[in-house]
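So the structure is just underneath, and the comments pick up after that.
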Amino acid sequence: EAGVVQSPRYKIIEKKQPVAFWCNPISGHNTLYWYRQNLGQGPELLIRYENEEAVDDSQLPKDRFSAERLKGVDSTLKIQPAELGDSAVYLCASRGVGGNYEQYFGPGTRLTVT
Amino acid sequence: QKEVEQDPGPLSVPEGAIVSLNCTYSNSAFQYFMWYRQYSRKGPELLMYTYSSGNKEDGRFTAQVDKSSKYISLFIRDSQPSDSATYLCAMSYNQAGTALIFGKGTTLSVSS
């Protein structure tokens with residue numbers, strides 16, 4: 001079974017430019033998470049989807065960040081415009097239904113804003 | 001004060017040593033406690049999962065939760081160079097899929 005797929009793996013952009021990250025969760029997983037991991041820190045939630053509905057986006061900086069999960073499968077996270085402080089690893093995770101509690105993480109997209 | 005505190009290390013030990021990793025937390029509402037392992041340039045992967053207080057053992061790994069002290073531990077016996085990674089503790093309030101609250105991670109290096 002394929003794991004969580006993310007692309008690109010690495011992205012370098014100049015500040016004020018837009019950037020987008022893509023995530024394909026494990027097949028059948030209805031819960032999808034976007035976390036941000038700053039250097040030397042643990043991941044912090046940006047947004048959580050249950051199917052196509054965003055159920056927790058309280059930590060998403062909505063002035064510049066947006067996300068979507070069309071058809072409740074793939075998801076895209078966008079930043080526009082990017083700032084220097086957005087440099088981090090953006091992790092996507094997914095979780096199955098029922099009693100399976102585990103969140104499965106993708107390899108992340110490492111963003112560098114110059 | 002952050003909800004979950006974890007000493008970032010780094011921690012360096014020789015092969016075969018017993019390793020002790022720890023986290024403290026402030027919110028007594030946490031019920032589920034996890035340890036994730038993260039290799040360089042990879043996403044975190046679940047290592048151990050514990051509900052409420054108690055111990056859980058899996059091979060060379062033992063997780064302990066002391067809710068009265070708000071303290072959790074991960075012990076690694078007979079540590080191997082392949083154990084070299086960052087270990088993240090994580091907690092959640094329920095099993096309903098809410099976000100995990102992570103510590104900042106402890107970087108472990110096991111030398112052969």
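Just so we're on the same page: letters track the sequence lines, and every chain starts at 1.
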Where B:Ala99 and A:Leu45 come nearest, the two heavy atoms and their spacing: CB-CD2, 3.3 Å

Minimal non-hydrogen separation, B:Leu88 against A:Gly42, with atom names: CD2-CA, 3.9 Å

Donor-acceptor pair, side chain of A:Arg9 and main chain of B:Arg41, under 3.5 angstrom: yes

Determine whether [X] and [Y] fall in the same hydrophobic cluster, where Ile, Leu, Val, Met, Phe, Trp and Tyr are linked whenever their side-chain heavy atoms lie under 4.5 Å apart.
X        : Y        : answer
A:Tyr104 : A:Tyr90  : no
A:Tyr49  : A:Phe21  : yes
B:Phe75  : B:Val19  : no
A:Leu77  : A:Trp22  : no
B:Ile18  : B:Leu108 : no

Within-4.5 Å side-chain heavy-atom neighbours: A:Gln103 and B:Leu46: no

A:Tyr35 side chain near B:Leu100 side chain, heavy-atom distance below 4.5 Å: yes

Most contacts with chain B, counted as non-hydrogen pairs under 4.5 angstrom, among A:Gln37, A:Gln41, A:Glu44, A:Gln6: A:Gln41

Please indicate whether [X] has more than 12 foreign heavy atoms, meaning atoms of other residues, nucleotides or ligands, lying under 6.0 Å from its [atom1].
X       : atom1 : value
A:Lys11 : NZ    : no
A:Gln59 : CD    : no
A:Lys71 : NZ    : no

Atom pair NZ (B:Lys42) and CZ (A:Phe105), whose distance is rounded to the nearest 0.5 Å: 15.5 Å

Separation between CG of A:Leu39 and NZ of B:Lys104, rounded to the nearest 0.5 Å: 11.0 Å

Need one label for [X]: side chain, backbone, both or neither, based on atoms under 4.5 Å from any heavy atom in chain A.
X       : answer
B:Gln6  : neither
B:Thr98 : both
B:Tyr36 : side chain
B:Pro8  : neither

